Amino acid sequence: MRRLGCLTPLGILSGVIAVLAITGAALATGGMMFNPGPLNAVGRDGLRLGGVTSHAEIGGRCSACHTPPWGGEKMEQRCLACHTNIQSQITDPNTLHGALPEGLQCRTCHSEHKGPQATLTRMDFQAFPHQVLGFSLATHQMTSAGQPFACADCHVQDLAHFDRTLCETCHRTYQADFITTHIASLSNDCMACHDGTDRFSKSVFNHSAFAFSLSGKHNDIQCTQCHTNVHVLADFKNASHQCVDCHRQDDTHKGELGTDCAKCHTPDDWKQIHFDHNQSVFKLMGKHVDVECTQCHINNVFKGIPQQCADCHTGDDPHKGALGSDCAKCHMPDDWKKTTFDHAQSIFRLTGLHTSVTCDKCHADQTFKGAPQGCADCHGKDDPHNGALGADCAKCHTSDGWKPTTFDHSQSTFKLVGLHVNVTCDKCHTDKIFKGTSPVCMDCHRQDDPHQGALGECARCHTPTGWKPTTFDHNQSAFKLLGQHINTACARCHTDQRFKGTPQSCIDCHRTDDAHQGVLSSQCAQCHTPIGWKPSTFNHSQSTFKLVGQHANTACARCHADKLFKGTPQECINCHRQDDAHNGQFGANCAQCHSPQGWKPATFDHNRATFKLTGAHVTVACTRCHVNGVFKGTSQNCVDCHRKDDAHNGQFGANCAQCHTTDDWKKVTFDHNRAAFKLTGAHVTVACTLCHANGVFNGTPQNCVDCHRGKDAHHGTLGATCAQCHSTSAWKPSTFNHSQAPFKLVGAHANVACARCHTSNDFKNAPQNCVDCHRTKDAHNGALGANCAQCHSPQGWKPSTFNHSQAPFKLTGAHVNVTCARCHTSSDFKNTPQGCVDCHRSKDAHKGALGANCAQCHSTSAWKPSTFDHNRAPFKLTGVHVNVACARCHTNNDFKNTPQTCVSCHAEPAVHKGQFGTNCAQCHNTNTWQGATFRHTFPLNHGGKGTIPCATCHTTPGNFRAYTCYGCHNQAETEKHHLEKRITNIANCVQCHPTGRGD
Amino acid sequence: MRRTYELTFALAGVIAVTLAYLPFAKDGLPRAAGLVGHGIGILGFMLMLATETLYSLRKRMRGRVFGRMSTWLQFHIFTGIVGPYMVLLHTSWKFNGLAGVVMLLTVIVVISGFIGRYIYTAIPRTVDGAEMTLGDLQVRIERADAQLEAWNANRRVAVATVAAQLAVVPEGHPGPGLPVLGRTLAYLGHQLQIWREAHHRDAEGRRQVVQMKQLIEERRRLQRQIQSLATARRLLAIWHTIHIPLGVALFLMAFIHVGAAIYLATLLK
């Protein structure tokens with residue numbers, strides 16, 4: 001490492017000048033140059049301390065106040081050495097400085113170097129421990145005007161003094177009334193009680209901490225109402241704790257009840273009394289609790305009050321004293337009416353409804369003694385029997401209620417069963433008369449008898465269970481009930497509830513039901529049964545018209561209209577006239593062709609007719625030919641029925657059977673091979689209508705295109721005869737021989753679909769240039785012309801047969817095997833850049849620093865070894881440098897900015913010790929470090945002193961160009977010698993003495 | 001030439017220090033002798049010391065080296081700006097006595113440093129910070145010419161023609177007093193011409209013009225460096241002559257100021 005850069009001659013000179021300037025300034029002004037600010041210049045009335053009237057006079061004598069750090073003396077000792085008055089204050093605890101806690105230094109509160117007029121005391125109002133002086137500033141943070149307190153607000157004269165009257169003066173400005181009262185009742189010596197913590201305010205002072213806790217109205221009174229004659233803090237303890245000492249004038253009991261008001265009263269209100277009457281001899285219960293004290297304690301007399309009931313309730317006694325003076329024997333304090341008398345203890349026990357009867361119901365006029373006990377005494381007015389059943393109601397009734405009575409009817413002569421049990425007594429015992437009631441049914445049920453007495457005693461047919469069902473057995477009568485008669489209501493036959501003499505003939509009851517209106521007989525039972533009117537039991541097979549087929553199920557009324565059964569006509573047409581589809585043309589006997597089984601099928605045999613039915617004719621509905629039901633005279637020509645079906649519009653005559661059969665129209669029996677146009681291949685299965693359109697068979701054209709014109713893919717360009725290339729078997733494959741065409745198909749072309757080249761089925765004008773078919777797939781986008789065959793063959797696009805050696809860019813080395821796309825990106829073969837870096841930019845280890853022509857150093861065979869001719873570079877490689885790996889000097893593949901100084905690659909060896917500089921080539925060659933060949937131009941042996949140190953002449957380290965000869969030669973003598981020869985410019989000795997020789 | 005960011009970092013450092021300082025200055029400037037004032041002063045002075053020593057030491061190291069010279073120069077510039085700024089905040093804008101003189105010298109040395117840095121950049125250097133010789137520059141300019149020629153050879157005729165026109169950079173005539181600092185109007189006009197040429201081309205054309213511009217710029221920079229090499233070296237030597245003595249005086253006074261502060265205030269009992 002060389003010397004520090006700052007140690008140049010000018011640098012050193014500059015440093016020396018700076019030190020000298022500072023030293024000079026220190027000598028001239030003392031420590032003023034270190035003064036951070038001017039000292040205080042304010043004096044105290046000319047008071048001289050330590051020889052000066054202000055700190056400013058000390059000037060640059062720092063040591064007057066500042067002590068050296070290595071000494072034992074402190075700065076405050078130097079302060080006190082001058083400020084002797086403060087020294088004396090410190091020993092007196094009654095002074096400001098004496099009251100301050102230990103550990104504070106002068107500069108805690110006093111600072112200097114703030115300017116000539118700046119205050120020396122920098123006391124922090126918040127931080128100053130004022131409480132140690134006996135008065136806290138806790139409640140003196142803000143003035144009444146809302147400004148922060150300053151020291152001078154209280155310490156008007158100076159900080160060491162405080163005028164105690166200042167409290168009154170200041171507080172009177174905003175609470176004059178309070179201060180006036182407060183001072184008048186206490187004293188004007190505020191500090192006697194107050195220490196600045198505001199502990200006597202109502203929000204802070206805790207009276208509970210003392211023996212007398214404040215509560216209720218005591219909280220609201222002024223302190224001085226109890227604490228009278230208080231002047232100092234200790235006077236507050238003199239206040240009495242006895243109630244009467246404060247409340248003597250309030251005592252309405254005139255001292256009768258003692259001095260402790262709190263036994264009955266609370267501090268909340270005099271009237272809030274908490275006397276416990278239960279502790280007295282007269283306990284309060286019930287309504288006594290709510291009674292005002294003064295109702296018993298008249299005139300606030302609480303002692304000697306009488307305790308008998310009558311003493312208070314004489315006026316309330318409704319018994320007028322008849323039951324004694326102790327009301328509590330029967331009554332309770334809760335209510336007069338809640339008596340405690342136990343009737344069970346009397347001779348008349350109360351049960352049932354008697355228990356809830358009010359006393360006065362029996363004890364009228366509050367008479368309790370001698371009350372009568374017989375039922376009738378109380379219930380005489382209630383007796384519905386008017387005394388007929390005696391005075392003892394309890395024989396039939398209980399105290400639970402008049403009803404139900406306890407009379408047992410089963411003990412009587414008339415037992416109650418069935419519906420009688422639930423019948424109310426008064427239904428039979430009218431007018432509450434129970435004796436002599438008749439047991440005969442009719443006496444009670446006369447009005448209920450629908451037979452009006454005709455049938456006698458009810459019990460013959462009815463029971464007490466109910467009027468219905470009756471117990472009458474019809475089978476015991478002359479008319480037994482069967483079938484629907486059983487469920488028929490009695491009244492249907494026994495009208496007007498008459499049961500006797502009822503007629504028994506059917507028609508007597510069914511006259512209105514007789515559908516035959518009496519024509520057949522009055523005995524319905526001849527054809528009908530009691531089971532039901534239908535089915536009737538008439539046997540038609542015994543009549544002249546037997547019922548068979550559908551006749552058996554036909555409703556009777558279809559033939560027997562108007563329910564007339566006699567004289568009904570038996571010819572078919574009589575019933576089927578409207579059904580006759582033939583309008584009578586075949587007569588009145590339908591049975592000729594039809595049977596009772598059904599109209600159809602008719603049993604007509606067509607084969608017996610002249611027109612036999614075959615094929616589809618068999619299943620054709622008769623009406624297709626026999627329209628309007630006309631069967632006779634029907635035409636037998638085909639066309640008469642099939643005129644609408646004739647697709648040939650009559651061109652082949654009226655006899656369809658020439659070509660068609662009755663099986664199917666389409667089963668044509670025409671033999672096309674007999675025609676001029678034979679059918680082969682796909683023509684055989686083609687529908688006739690495809691060629692014979694509109695059913696026209698005559699004159700059908702026979703050229704291919706006549707039928708295939710619409711589907712001619714060549715649009716007529718190849719003529720009208722499709723059979724030249726196509727057969728009737730299929731359109732494809734066609735039989736065209738491409739080898740006869742100008743464009744022979746070889747390679748991949750042979751398998752290409754025709755449509756790939758012959759687009760739009762255009763075979764005549766198909767282009768023959770490669771690009772006409774391959775334009776869309778031309779990877780070169782037309783850049784290489786229209787003839788693909790120049791490079792490609794029909795065998796396949798790849799491999800192409802391009803000869804790169806004919807191109808400007810010959811492929812050699814690794815380029816030969818590189819895929820085309822590596823250089824010809826985007827299949828662009830024409831504009832392919834030929835600069836090396838255009839392909840190798842991303843892999844250029846030199847990051848473009850060596851230009852775009854990689855071939856300068858590299859060959860196409862491989863990147864390494866490179867063939868750079870270093871001799872063309874400014875730095876020629878010789879000796880050992882020739883074989884050194886490139887990366888030794890060209891680190892990070894950086895070949896451009898490689899430093900060329902020796903020292904950039906070769907660290908200076910220790911042996912040189914910085915003596916020979918960093919240009920190794922001065923002495924060394926590139927072949928070997930050994931045998932340095934430094935040629936000293938100046939003869940080293942000119943003085944005959946042998947080997948001398950280099951530094952003898954080269955005194956400047958590392959600079960061998962600079963030299964001096966005065967290491968050996970005496971400078972004074974040399975200068976004198978040259979001066980004698982009038983040579984003055986002798987700075988460069990070698991210029992005149994290149995060989996070291998003299999003169 | 002690589003773009004450097006030391007001035008940006010220095011500006012960010014100054015802003016960061018200011019933001020950290022502002023909360024303490026809310027109720028008045030912090031006293032120079034207070035905790036904040038002393039703290040910021042000590043840190044600033046440490047940075048100034050680092051400015052002066054570390055770069056100088058690296059310049060003189062031989063054998064095993066730590067970091068590139070250019071990186072150390074960037075660090076030197078960063079600390080040389082941020083450190084004095086912190087010392088300026090330490091003064092609380094009171095420049096009494098020796099402390100005021102130290103601050104004044106600090107300001108002068110910083111301004112001198114800015115001038116020196118500008119001169120320094122005018123001298124062509126290797127990536128490692130070593131100065132280039134005239135021969136080095138001539139070799140480089142030959143390479144630049146070869147690259148430009150190769151570039152033209154690989155371009156279409158139209159592009160190559162334009163490139164040939166734009167490649168001739170008018171050097172103008174910088175004033176005699178500003179041989180190093182000059183950047184002539186003619187050069188700015190040439191830049192505008194290149195921009196117009198690029199503006200009227202498609203994307204590929206613009207890309208090629210940008211490539212060409214980079215090559216031309218490199219060649220022009222080398223030419224300008226050759227022209228100003230001797231002048232810049234002479235100016236740098238003069239600057240060294242002034243800057244170093246100022247720095248020595250500054251640090252001597254600063255040490256005395258620090259010693260006095262410790263004696264009179266810090267160690268005061």
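Every value quoted in this text rests on a predicted model; they were computed, and no experiment measured them. Chain identifiers are assigned alphabetically (A, B, ...) following the order of the sequence lines, protein sequences preceding nucleic acid strands; residue numbering begins at 1 within each chain.
The minimum heavy-atom distance between G59(A) and L39(A), with the atom names listed, is O-CD1, 3.9 Å. Across every non-hydrogen atom of C920(A) and C902(A), the tightest pair is SG-CB, 3.3 Å.
W93(B) is listed as a side-chain neighbour of L88(B), based on a closest heavy-atom distance under 4.5 Å. H870(A) places none of its side-chain heavy atoms less than 4.5 Å from the side chain of K876(A). Looking at R58(B) and L54(B), their side chains never come closer than 4.5 Å, going by heavy atoms from C-beta outward. For the pair S92(B)/R31(B), no side-chain contact is recorded, criterion being any heavy-atom separation below 4.5 Å from C-beta on.
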Show which side-chain atoms of residues 60-70 of chain A pair as donor or acceptor with protein atoms under 3.5 Å away, not counting sequence neighbours.
unit_1: H66(A); atom_1: ND1; unit_2: L264(B); atom_2: O; d: 2.9
unit_1: T67(A); atom_1: OG1; unit_2: E73(A); atom_2: O; d: 3.4

Contacts under 3.5 angstrom, residues 238-256 of chain B side chains, donor-acceptor by atom type, not counting sequence neighbours:
unit_1: W239(B); atom_1: NE1; unit_2: S112(B); atom_2: O; d: 2.6
unit_1: W239(B); atom_1: NE1; unit_2: S112(B); atom_2: OG; d: 3.1
unit_1: H240(B); atom_1: ND1; unit_2: L236(B); atom_2: O; d: 3.3
unit_1: T241(B); atom_1: OG1; unit_2: A237(B); atom_2: O; d: 2.8
unit_1: H243(B); atom_1: ND1; unit_2: S112(B); atom_2: OG; d: 2.7

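Residue contact with chain B, scored on non-hydrogen atoms closer than 4.5 Å, involves the backbone of N35(A) exclusively. Only the side chain of P874(A) comes within contact range of chain B, judged by heavy atoms closer than 4.5 Å.
Under the 3.5 Å distance criterion, the side-chain polar atoms of T79(B) are matched with a main-chain donor or acceptor of F75(B).
With respect to chain B, the highest number of heavy-atom pairs below 4.5 Å among M75(A), Q105(A), M32(A) belongs to M75(A).
Near-neighbour residues of residues 18-28 of chain A relative to chain B, defined by a heavy atom under 4.5 Å from a heavy atom of that chain, comprise A18(A), V19(A), I22(A). Residues of residues 107-121 of chain A that come closer than 4.5 Å to chain B, counting heavy atoms only, are R107(A), K114(A), ordered by residue number.
A tilted orientation is assigned to the rings of F875(A) and H881(A), their planes being inclined by 30° to 60°. Ring geometry, H815(A) versus H840(A): the interplanar angle falls under 30°, so the pair is classed parallel (tilted spans 30 to 60°).
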